Protein chains: 4
Amino acid sequence: MRKREGNKEKDILDAAVKVFADSGYHRSKVTSIAEAAGVATGSVYLYYPNKESILLKIFDRLWTDFTHTLQETVKRSDYDPVQKLDLVIDHLFNIFVANPALAVVFVNEQQYLINNKKGNIGKHYENFLDLAEEIIHEGVKKKIFNPDVDVKLYRHFITGGIRSVLFYWAQSTPSSSLDRVRLNVKLFLRNGLLL
Amino acid sequence: MRKREGNKEKDILDAAVKVFADSGYHRSKVTSIAEAAGVATGSVYLYYPNKESILLKIFDRLWTDFTHTLQETVKRSDYDPVQKLDLVIDHLFNIFVANPALAVVFVNEQQYLINNKKGNIGKHYENFLDLAEEIIHEGVKKKIFNPDVDVKLYRHFITGGIRSVLFYWAQSTPSSSLDRVRLNVKLFLRNGLLL
Amino acid sequence: MRKREGNKEKDILDAAVKVFADSGYHRSKVTSIAEAAGVATGSVYLYYPNKESILLKIFDRLWTDFTHTLQETVKRSDYDPVQKLDLVIDHLFNIFVANPALAVVFVNEQQYLINNKKGNIGKHYENFLDLAEEIIHEGVKKKIFNPDVDVKLYRHFITGGIRSVLFYWAQSTPSSSLDRVRLNVKLFLRNGLLL
Amino acid sequence: MRKREGNKEKDILDAAVKVFADSGYHRSKVTSIAEAAGVATGSVYLYYPNKESILLKIFDRLWTDFTHTLQETVKRSDYDPVQKLDLVIDHLFNIFVANPALAVVFVNEQQYLINNKKGNIGKHYENFLDLAEEIIHEGVKKKIFNPDVDVKLYRHFITGGIRSVLFYWAQSTPSSSLDRVRLNVKLFLRNGLLL
DNA sequence: TATGAATGAGTATTCATTCAT
DNA sequence: GATGAATGAATACTCATTCAT
């Protein structure tokens, strides 16, 4: 699709993130999104076939980006597994620092999309988790990580935990330091609660 | 007069858990719940003032139970903090083992209720987190847990992580061993990924 | 129907007058009537086949009474037509003085029943108007009343006017003197506005 | 864009008058109004926020018009009070001659709106009555009208009487001469029944 | 007779999507 | 491409009536 002047497609996407963050996907009206984007209601349908496809696009971009970064990270031979995990977490947090509303949408709507097998978000998510798994496997192989862990469970635990603290952070007013959050997550992943 | 046959209030609640788990709260129709409960549509409104109150009741019961158990656990002087965390986790998992659909509803709808400050679920959740915090504080004080952790962040991380693995387990078919999940959670909480 | 102890049939009717006066027929619930009457919901249906029949019974009694009085009045040879009209008006007002809620129901619901040809209220009303017509005819014949009047129109005008002032009186708080209302009506019927 | 074809707002209002006249406000379905107006159900809500607002709009227009005419009439110094009353009555009747269904709605639903203090119909009505009162006061002052009348009562009596004869006329089939009705009303207002 | 829990048909309103301009 | 008025399917909730006890 040729980019139009002013890039309405992106305007609509950005507006949708804000509206979804405020009201939640189900309670958001297409008309509100159009209004927030400064376009007519009908114009939304020139760029997206339906309301759901807007949400899907948001997640598609996000996961594509996450996965790309993770792929690059996995490959690196100059980092040990602990540093790799740090790098991934840094990337996730950087995205959400730049766009807190995106963090809210991510936390609130991800489950819905996966449950209902919408688009290929589930696929994206699986890819991401598989890549994350590689790092953990590497750590186990290199005797840095505990070999008793069930890697599939851990990757779920970690992403769920991150989603939860992100939400906590995104909702807190005024937004407290995300760096503090980031540091604690890294610390916990490595050491758990114990000294 | 017509005596209450069986326990319609409970029948409706149980049916709602199943219907909500299958379709999600927003896509569930009151008529479907009534049908699943084997009662007429109008009968639902004899026991619950509206659709949302059914969801609220589900969470109210759940959190009341969780909080009660946690309170009992916190008090115990014969257990160290690690054992206390184990006990709480055991209780959560036992509930969900007995009713996997409840786990699905819990994972999917909790955020919606808290975001929109529905009922006193947010309050319940805060209470629960505060109690969990006490155990962590105790652990830090007794030099069992790492004093550098931000307790508020950790309690969110942990509950988010647990929600996520529960969901993973509840969706897997046939339901794999929840004991494996439970064990790994306990392990991870203590040690993180490192050896 | 054999009268039961406590006379539930009448209790229900009296309660219905109050409830209808407060909320209007359409917004009144059968359950509210039962509650106001101190009986169970189902008991209402032992005495009346449905909600509408309660309203019909109220009007049936009222019009039967009105018509009976009017019949007696028309017959009297010791009164001239002006005195006869006074007598009828006195009777109407006496009923409503004794039960202001009845006046409100009468004013508000009469039209609905006639429009929809419910029961034989229309018939009752016609009977009443026909009898009233007789008095007017008598007055015209005796050269007391204006022969140019269209009697059918006048009887409607008069009953509509009376309904309106009754409503005005019933709604006014504290209920002002109904005697004042009564006097003015009589005065106006005879003389109109002119001196 | 899709231009507003014709005048849907007015089409809906006109259709509503017909539907309300036929079935009464409470028994009228929004879908029936839409169908009668030749628009989709949803389109009704583009022009009116809810069903009641349609009824309110009908009365608002009517009373605004009545009050405007009455204001003009009260001012005129070239008419005596009797002529002024005639003028007002003429106006009312002209409106309803042009739209008999409107007369039916007016008669049937006015009370409901006033009882329940919907919109500002009560206010409109009070304004109208106050203006009418001025004419009567003028007549009393000029010794044309009887000074013994209670003006507030009379204005209610008159409007109630008119409503009643209008209803009688609107229901009669085929609609008989409204001029006959009009003439009798004027006659009665002045002279009452007496010669 | 009396009860009141149970029933289920009926309806106002919303909002994603379309399409005439 | 752009618009926004128009569409109509979908659904929570009410309440007169029934009927098992």
Side-chain angles (χ1 to χ4, degrees), chain A residues 1-2 4-6 8-9 26-35 38-54, chain B residues 1-6 8-9 26-35 37-54, chain C residues 1-2 4-6 8-9 26-35 38-54, chain D residues 1-6 8-9 26-35 37-54:
Chain A
M1 199 177 316
R2 193 160 62 84
R4 289 151 201 84
E5 35 162 348
K8 285 198 166 64
E9 186 179 351
H26 280 105
R27 275 166 304 283
S28 296
K29 301 176 213 170
V30 173
T31 295
S32 305
I33 296 170
E35 193 179 14
V39 302
T41 305
S43 299
V44 172
Y45 288 85
L46 293 175
Y47 299 92
Y48 301 93
N50 51 45
K51 179 181 167 185
E52 193 172 85
S53 67
I54 307 175
Chain B
M1 73 160 184
R2 208 148 154 193
K3 287 275 167 46
R4 296 196 176 199
E5 304 143 11
K8 285 198 166 53
E9 185 176 351
H26 280 105
R27 276 165 305 286
S28 297
K29 293 179 248 170
V30 174
T31 296
S32 307
I33 296 170
E35 195 178 12
V39 301
T41 306
S43 299
V44 172
Y45 291 87
L46 288 177
Y47 298 94
Y48 302 93
N50 51 46
K51 180 181 165 185
E52 192 173 87
S53 67
I54 307 175
Chain C
M1 199 177 316
R2 193 159 63 84
R4 290 151 198 84
E5 35 162 350
K8 284 198 167 64
E9 185 180 352
H26 280 104
R27 275 166 304 281
S28 296
K29 301 176 212 169
V30 173
T31 295
S32 306
I33 297 170
E35 193 180 15
V39 303
T41 305
S43 300
V44 172
Y45 289 85
L46 294 175
Y47 299 92
Y48 301 93
N50 51 45
K51 180 182 168 185
E52 193 173 84
S53 67
I54 307 175
Chain D
M1 71 161 185
R2 209 151 155 191
K3 287 277 168 45
R4 295 195 177 199
E5 303 143 12
K8 286 198 166 52
E9 185 177 349
H26 280 105
R27 276 165 304 284
S28 296
K29 292 179 247 170
V30 174
T31 296
S32 307
I33 296 170
E35 194 179 11
V39 301
T41 306
S43 299
V44 172
Y45 290 86
L46 288 177
Y47 298 94
Y48 302 93
N50 50 48
K51 181 181 166 185
E52 191 174 87
S53 68
I54 308 176

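On a predicted model such as this, the values are computed, not experimentally measured, just so you know. Proteins come first, then strands; the chains are lettered A, B, ... in the order of their sequence lines, and each starts at number 1.
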Revision key, fill the gap. Secondary structure of DNA chain F per the Watson-Crick/G-U criterion (both distances under 3.5 Å; [ ] crossing, | other strand, . unpaired) is .||||||||||||||||||||

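At whole-Å resolution of the value, CD in A:E35 and C1' in F:dT3 are 15 Å apart. Atom P of nucleotide F:dC13 and atom CD1 of B:I33 are separated by 10 Å, given to the nearest angstrom. The interatomic distance linking A:Y48 (OH) with F:dA2 (P) rounds to 13 Å, in whole Å.
Taking both residues in full, the closest heavy atoms of B:E9 and B:Y47 are given as CB-CD2, 3.7 Å, listed atom of the first, atom of the second, then distance.
Contact annotation: the side chain of C:V39 never approaches that of C:L46 to less than 4.5 Å [non-hydrogen atoms, C-beta and beyond]. Looking at C:K29 and C:E35, their side chains never come closer than 4.5 Å, going by heavy atoms from C-beta outward.
Across F:dA6, E:dA6, F:dG8, the shortest atom-to-atom separation from the side chain of D:A40 is found for F:dG8. Comparing E:dA6, E:dA2, F:dT7 against the side chain of C:K8 picks out E:dA2 as the nearest. Side-chain atoms of A:Y47 lie closest to F:dG1 of the nucleotides E:dT1, F:dG1, F:dT3.
In terms of the side-chain contact (heavy atoms from CB on, under 4.5 Å) criterion, residue partners of C:Y45 (sequence neighbours excluded) are, by chain and number, C:V30. Take A:T31 and apply the side-chain contact (heavy atoms from CB on, under 4.5 Å) test, not counting sequence neighbours, and it matches A:T41. Residues forming a salt bridge (Lys or Arg N to Asp or Glu O under 4.0 Å) with D:E52 (at least two apart in sequence, or on another chain): D:K118.
Nucleic acid contact class of B:V39 (heavy atoms, under 4.0 Å, all strands): sugar-phosphate only.
Every pair tested for salt bridge (Lys or Arg N to Asp or Glu O under 4.0 Å) that includes a residue from residues 38-47 of chain A fails, sequence neighbours excluded, so the list is empty.
Between E:dT1 and F:dT21, the distance separating the two C1' atoms is 13 Å to the nearest Å.
Taking the nucleotide of DNA chain F with the nearest heavy atom to each of A:G38 and D:G38, the more 5' of the two is matched to A:G38.
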Practice item. Classify every nucleotide of nucleotides 9-14 of chain E by which part a protein heavy atom approaches to under 4.0 Å, writing B for the base, S for the sugar-phosphate alone and - for neither, in 5'-to-3' order. Key: --SSBB

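One distance of note links OG of C:S53 with NZ of C:K51; it measures 11.5 Å at 0.5 Å rounding.
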